[in-house]
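Since the structure comes first, as structure tokens, the remarks are kept for the end.
Source: prediction; values computed, not measured. We're numbering straight along the sequence, starting at 1.
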Amino acid sequence: MRGMRGITLVALVITIIVLIILAAVTIKIAYDSNFVGMAQASTENYAKAQIYDNEYLGNTVKFLEQTVSNLVSNQANYK
């Protein structure tokens with residue numbers, strides 16, 4: 001049995017402890033940086049931006065339709 005090579009129980013336990021420490025540090029950093037709150041705020045801001053863009057696009061389409069209509073009516077007046 002002494003000649004067998006492989007992962008020892010001690011190496012496995014140390015690896016698991018290191019992974020737990022890394023996970024704890026990562027979770028703490030994410031929590032302290034208000035990552036979830038920032039994501040929720042970004043979602044709300046994105047929804048507001050979509051509404052604004054849709055309204056702006058609608059106004060632009062109306063403006064273009066009026067401009068084209070005026071151009072066509074002005075052309076008809078000159079004929």
> Going hydrophobic residue to hydrophobic residue with side-chain gaps under 4.5 angstrom, can you get from F63 over to L71?
Replying inline: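 Result: no, two separate clusters.
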Roughly how far apart are [X] [atom1] and [Y] [atom2], rounded to 0.5 Å?
{"X": "N45", "Y": "Q50", "atom1": "CG", "atom2": "CD", "value": "12.0 Å"}
{"X": "N70", "Y": "T67", "atom1": "CG", "atom2": "OG1", "value": "6.5 Å"}
{"X": "D53", "Y": "Y46", "atom1": "CG", "atom2": "OH", "value": "8.5 Å"}

>> So does E65 get a backbone contact from the side chain of S69, meaning a donor-acceptor N/O pair under 3.5 Å?
In response: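 Between the backbone of E65 and the side chain of S69 there is no qualifying donor-acceptor contact (under 3.5 Å).
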> With a cutoff of under 4.5 Å between side-chain heavy atoms, which Ile, Leu, Val, Met, Phe, Trp and Tyr residues group with L22?
Replying inline: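 For the cluster that includes L22, the remaining residues are V10, I14, V18.
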> Which one of T26, V25, D32 satisfies the side-chain contact (heavy atoms from CB on, under 4.5 Å) criterion with I29?
Replying inline: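 Of the listed residues T26, V25, D32, the side-chain contact (heavy atoms from CB on, under 4.5 Å) partner of I29 is V25.
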> Does the side-chain contact (heavy atoms from CB on, under 4.5 Å) test come out yes or no for T60 and Y56, once each step is laid out?
Replying inline: CA-CA 6 Å; T60 303; Y56 182 77; 3.7 Å; yes
